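Accompanying notes for the structure given below.
No experiment lies behind these values; they were computed from the predicted model shown. One-based numbering along the sequence shown. Worth knowing before you read on, the calculation uses all heavy atoms, side chains too, and leaves out hydrogens, waters and symmetry mates.
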Amino acid sequence: MAEREEVFEVTGMTCAACVSAVERGVSDLPGVKDVSVNLLTNTMRVTYDTSLASDKDIIQAVNRAGYGASLRDER
């Protein structure tokens, strides 16, 4: 098991219900251990098992919830 933590930019969120929808959608993915969404910074921190989920899977889950997401470049 290879566990990874990534930060994603999330677009389209305006309220706490948006945060809940994104967290729920991503936490339902197999292999996702922890999801934390910050409305003020429009970011999401996800800890997941890379053998069960990928960053593309996470982005697709956010898209299905009705929002946009991209991997954050933290250089």
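At a threshold of 4.5 Å between non-hydrogen side-chain atoms, the residues I58 and F8 count as touching. V26 is listed as a side-chain neighbour of V46, based on a closest heavy-atom distance under 4.5 Å.
Considering every non-hydrogen atom in both C18 and G12, the closest pair reads SG-O, 4.5 Å. In terms of heavy-atom proximity, A65 sits nearest to A21 at CB-O, 3.9 Å. Considering every non-hydrogen atom in both G25 and A61, the closest pair reads O-CB, 3.8 Å.
Under a 3.5 Å cut-off, the side chain of D57 and the backbone N or O of S54 do form a donor-acceptor pair. Checked by atom type and distance alone, the side chain of N63 pairs as donor or acceptor with a backbone atom of Y67 at under 3.5 Å. The backbone N or O of E5 sits nowhere less than 3.5 Å from a side-chain atom of T47 that would complete a donor-acceptor pair.
With M44 as the fixed residue, the side-chain contact (heavy atoms from CB on, under 4.5 Å) test singles out one of V19, V37, N38: V37.
Taking CZ from R4 and CG from D49, the interatomic distance works out to 10.5 Å, rounded to the nearest 0.5 Å. Put simply, CG on D55 and CD on Q60 are 10.0 Å apart, with the number rounded to the nearest 0.5 Å. Going from atom CD of E6 over to atom OG1 of T43 covers 13.0 Å, rounded to the nearest 0.5 Å. Between the NZ atom in K56 and the CG atom in L71 there is a gap of 9.5 Å [rounded to 0.5 Å].
There is a path of hydrophobic side-chain contacts, each under 4.5 Å, that joins L39 to V10. In the hydrophobic cluster analysis, where Ile, Leu, Val, Met, Phe, Trp and Tyr join through side-chain heavy atoms closer than 4.5 angstrom, V22 is grouped together with V32.
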